[in-house]
Amino acid sequence: MDATHDVLIVGAGCAGMRAAIEAHDAGADVGVISKLHPTRSHSGAAEGGINAALGNAAEDSPESHTFDTVKGSDYIGDQDAIEILCREAPGDIYQLENWGAFFSRQDDGRLAQRPFGAAGSPRTVFAADITGHVLIQVLYEQLVKREIKVYEEFFAWKLVENDGRCQGVISWDLLDGGLKTIGGKTVVLATGGQGRIYRTTTNAYACTGDGAAMAFYLGVPLKDMEFMQFHPTTLYPTGILLTEGCRGEGAYLINSEGERFMKRYAPNAMELASRDVVSRSEQTEIDAGRGINGSVMLDMRHLGAERIIDRLPGSRELSMVFAGVDPIYDPVPVRPGAHYHMGGVETDNEGATELTGLYAAGEVACVSVHGANRLGGNSLMETITFGRRAGRAAAEWALSHTTIDVPRSAQSDAERELKQLLDVEDGERPWQIRNDLGDSMLENFGVFRREGQMTRPLEIIDEVRERYRRGVVVQDKGEVFNTDLTSAIELGNMIDLAACMLQAGVARKESRGAHARPYDYPKRDDENFMKHSISRWTGDGPELSYSDVRVTKYEPTERTY
């Protein structure tokens, strides 16, 4: 082994850094593996805010936050986990603020809060529209203050299982080359989402589902993989995110006829209905021919220059740079785009998976607090609250156990597999297969889903997997910063995760949250499908089963906005 730690965190976004801080403060020796510098993690792209029932802008309570989240999840979020998130969120916000998070404030000095979709109260705390950037800087400062070891630009490839528990990670050292094995009494996955399975997405190029795939290949179950959220406002044509905070500040959505069309789909909440509702409404307008270049328009002009510059400076800059439109003067073209994966590694409320010693937190995990549809502002809160809880639980287990035993065969097997990958001279380039996968997912597993469209990419997945197995050519045979190699590995991960999503999607014969089947199963079916899908690796693909939703006091009712 090249190094050992009590707790080894894989991923250095908000969830990973919060877990590392908590594990360190619990007395553990902590190491953090990240394929990026921590401040370049995708958490920094979060814009609009982070939810907590502080009650600064209007009357609010954790109970109200809980109900909104359960309802938003279309009733398959696990209610005990949601209660924990909403109850502990205010304390986590105040801790972040005490650490130096520079949140926007009201005139009376209290933290400002803005409305977000499907929220019964303005509960989204924000730092203009760069909230994720602010949080990631603050958390990194705390990491540096504690002198926590960070293995920057280490690409985590394989989890090490020995003696029935997870005991380390085998990584590719991007900066200096070569495989490195780092042992850990416990391992916390915090590797983020897998939006790059789609050709266009708000996700960074690093979001390739590495953590979920590593756990999956060890037999750890993945949960609710069919639920991929499409964000209603991504810039045309790039797919870059424009925050929900724009609509929270009062922006309108209009079609090619200048109509504020949300009044027909959500007459009460309008643009602040839940994300699945707004995305479906936009796609309906586009499909009906009332779009412009496959988009609708986000109109902020009535907010005025002062409010846009004060509250939405990042959104204005993105619009000007990537769409050539200044929202002070003109509407901005937007359309739904793949944004956030509600599914992930199945965990309990402390982040523990069914494999002893392995934990997960953030978007890679499925606790499940988001169910079939995530409310805007809840994901950043989840990274902090459940990152903290996973870090604490991982540290407590590690400190009560003394051994790390990584067999030499683990690294030698990985080295042999790596050599086989690099030795391929005749085959396809990874990007060719990746483009075909991304195109298929975008066309066939998007905002609206049809049986035939979903079964077609299942056939394509089998074909893509076979093309991958025949061999992909890694042209760069060098050891230093070989992103050609890591791209090939990421592709294998994404193929198998996409298969999980499609298999679970075809089997869920209803419309619920982000899984919309209006043409064959337009209604939610609580009798048959108020349950979590569970995907397990068989060695040749995923196997599907189901588990119960944990209900405490909120029985399902029809969602109206």
Side-chain angles (χ1 to χ4, degrees), residues 2 10-13 33-38 40-42 45 150-159 169-182 191-201 203-214 216-217 238-239 338 364 410-442 460-461 463-499:
D2 295 280
V10 186
I33 295 173
S34 178
K35 66 178 177 182
L36 303 166
H37 186 280
R40 291 184 59 230
S41 296
H42 187 57
V150 180
Y151 299 90
E152 291 175 17
E153 292 169 333
F154 270 51
F155 178 85
W157 182 25
K158 292 179 179 291
L159 296 173
V169 179
I170 298 173
S171 304
W172 174 261
D173 183 346
L174 279 160
L175 202 57
D176 297 316
L179 289 178
K180 301 290 171 62
T181 301
I182 304 173
T191 52
Q194 56 195 56
R196 279 289 151 186
I197 287 174
Y198 289 80
R199 176 170 51 82
T200 58
T201 173
N203 286 194
Y205 282 98
C207 298
T208 52
D210 307 330
M214 286 191 292
F216 186 47
Y217 296 144
T238 60
V364 70
Q411 180 156 332
S412 60
D413 289 348
E415 286 171 345
R416 184 168 57 254
E417 189 175 335
L418 192 70
K419 185 176 185 302
Q420 290 173 348
L421 191 59
L422 287 169
D423 283 348
V424 174
E425 296 291 347
D426 183 26
E428 294 184 79
R429 296 284 286 127
W431 65 264
Q432 294 170 313
I433 300 176
R434 189 167 174 163
N435 282 357
D436 289 347
L437 173 66
D439 286 342
S440 174
M441 291 298 288
L442 192 65
I460 292 172
I461 289 290
E463 173 197 322
V464 160
R465 186 184 286 119
E466 183 56 35
R467 286 163 63 189
Y468 185 79
R469 283 176 177 169
R470 283 200 301 266
V472 291
V473 177
V474 178
Q475 288 182 341
D476 185 351
K477 309 298 184 183
E479 292 208 334
V480 176
F481 227 86
N482 190 341
T483 54
D484 200 13
L485 170 63
T486 57
S487 292
I489 296 170
E490 289 169 342
L491 173 60
N493 294 339
M494 290 192 289
I495 290 170
D496 291 326
L497 294 177

Undergrad: Mind checking whether I460 and L437 have side chains closer than 4.5 Å, heavy atoms only?
TA: no
Undergrad: Quick check for you: to the nearest 0.5 Å, what is the distance between L418 atom CG and W157 atom CH2?
TA: 4.5 Å
Undergrad: So, using side-chain hydrogen bond (donor to acceptor under 3.5 Å, both in side chains) as the criterion, who are the partners of D210 when residues are at least two apart?
TA: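 Listed in chain order: K35, T208, N493.
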Undergrad: Report the distance from atom NE2 of H37 to atom CD of E153, rounding to the nearest 0.5 Å.
TA: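 Those atoms lie 8.5 Å apart.
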Undergrad: Shortest non-hydrogen contact from A499 to R465?
TA: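 Looks like CB-NH2, 3.5 Å.
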Undergrad: Report the C-alpha separation of E415 and K419 in whole Å, then their side-chain angles, then the decisive distance to 0.1 Å, and conclude whether the salt bridge (charged side-chain N to carboxylate O under 4.0 Å, His left out) test is met.
TA: CA-CA 6 Å; E415 286 171 345; K419 185 176 185 302; over 6 Å; no
Undergrad: Who are the side-chain hydrogen bond (donor to acceptor under 3.5 Å, both in side chains) partners of N435, not counting sequence neighbours?
TA: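 Result, side-chain hydrogen bond (donor to acceptor under 3.5 Å, both in side chains) vs N435: none returned.
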Undergrad: Return the set of residues passing salt bridge (charged side-chain N to carboxylate O under 4.0 Å, His left out) with E417 (not counting sequence neighbours), or none when no residue passes.
TA: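 Salt bridge (charged side-chain N to carboxylate O under 4.0 Å, His left out) check on E417 returns K158.
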Undergrad: Tell me, do Y217 and D496 make a side-chain contact under 4.5 Å, heavy atoms counted?
TA: yes
Undergrad: Between G211 and V364, what is the shortest heavy-atom contact and its length?
TA: C-CG2, 3.9 Å
Undergrad: Could you pull out all residues at least two apart from Y205 that satisfy side-chain hydrogen bond (donor to acceptor under 3.5 Å, both in side chains)?
TA: none
Undergrad: Check R469, R467, R434 against E428 for a salt bridge (Lys or Arg N to Asp or Glu O under 4.0 Å) and give me the one that passes.
TA: R467
Undergrad: Determine the minimum heavy-atom distance between M441 and A498, stating which atoms define it.
TA: SD-CB, 4.0 Å
Undergrad: Check for a donor-acceptor pair, side chain of T191 on one end and backbone N or O of G11 on the other, with a separation under 3.5 Å.
TA: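 Such a contact is absent between T191 side chain and G11 backbone.
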Undergrad: Look at the side chain of Y468 and the backbone N and O of P430, then say whether any donor-acceptor pair between them is shorter than 3.5 Å.
TA: no
Undergrad: Can you name the closest pair of heavy atoms from V473 and D426 and give their distance?
TA: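 Smallest interatomic distance, heavy atoms only, reads CG2-C, 3.9 Å.
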Undergrad: Under the side-chain hydrogen bond (donor to acceptor under 3.5 Å, both in side chains) rule, collect the residues that match up with Y198, sequence neighbours excluded.
TA: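 Here no residue qualifies.
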Undergrad: If a pair satisfies side-chain hydrogen bond (donor to acceptor under 3.5 Å, both in side chains) and one of its residues is in residues 475-487, list it, with sequence neighbours excluded.
TA: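 Residue pairs passing side-chain hydrogen bond (donor to acceptor under 3.5 Å, both in side chains), neighbours aside: R429-D484.
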Undergrad: Go through M494 and L497 one step at a time and tell me if the side chain to side chain contact (heavy atoms under 4.5 Å, CB included) criterion holds.
TA: CA-CA 5 Å; M494 290 192 289; L497 294 177; 5.6 Å; no
Undergrad: Testing the basics here: between F154 and S171, what is the closest heavy-atom pair and its distance to 0.1 Å?
TA: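 The pair with the smallest heavy-atom distance is CD2-CB, 3.9 Å.
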Undergrad: Between S41 (side chain) and P38 (backbone), is there a donor-acceptor pair under 3.5 Å?
TA: yes
Undergrad: Measuring from L36:CG to E152:CD, what's the distance to the nearest 0.5 Å?
TA: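 With rounding to 0.5 Å, CG (L36) is 10.0 Å from CD (E152).
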Undergrad: Is a side-chain donor or acceptor of D2 paired with a backbone partner of I182 at a separation under 3.5 angstrom?
TA: no
Undergrad: Considering only heavy atoms from C-beta outward, does the side chain of L179 approach that of Q411 to under 4.5 Å?
TA: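 Yes; the side chains approach each other to less than 4.5 Å.
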Undergrad: What's the separation between atom CZ in F155 and atom CD1 in I170, rounded to the nearest 0.5 Å?
TA: 13.0 Å
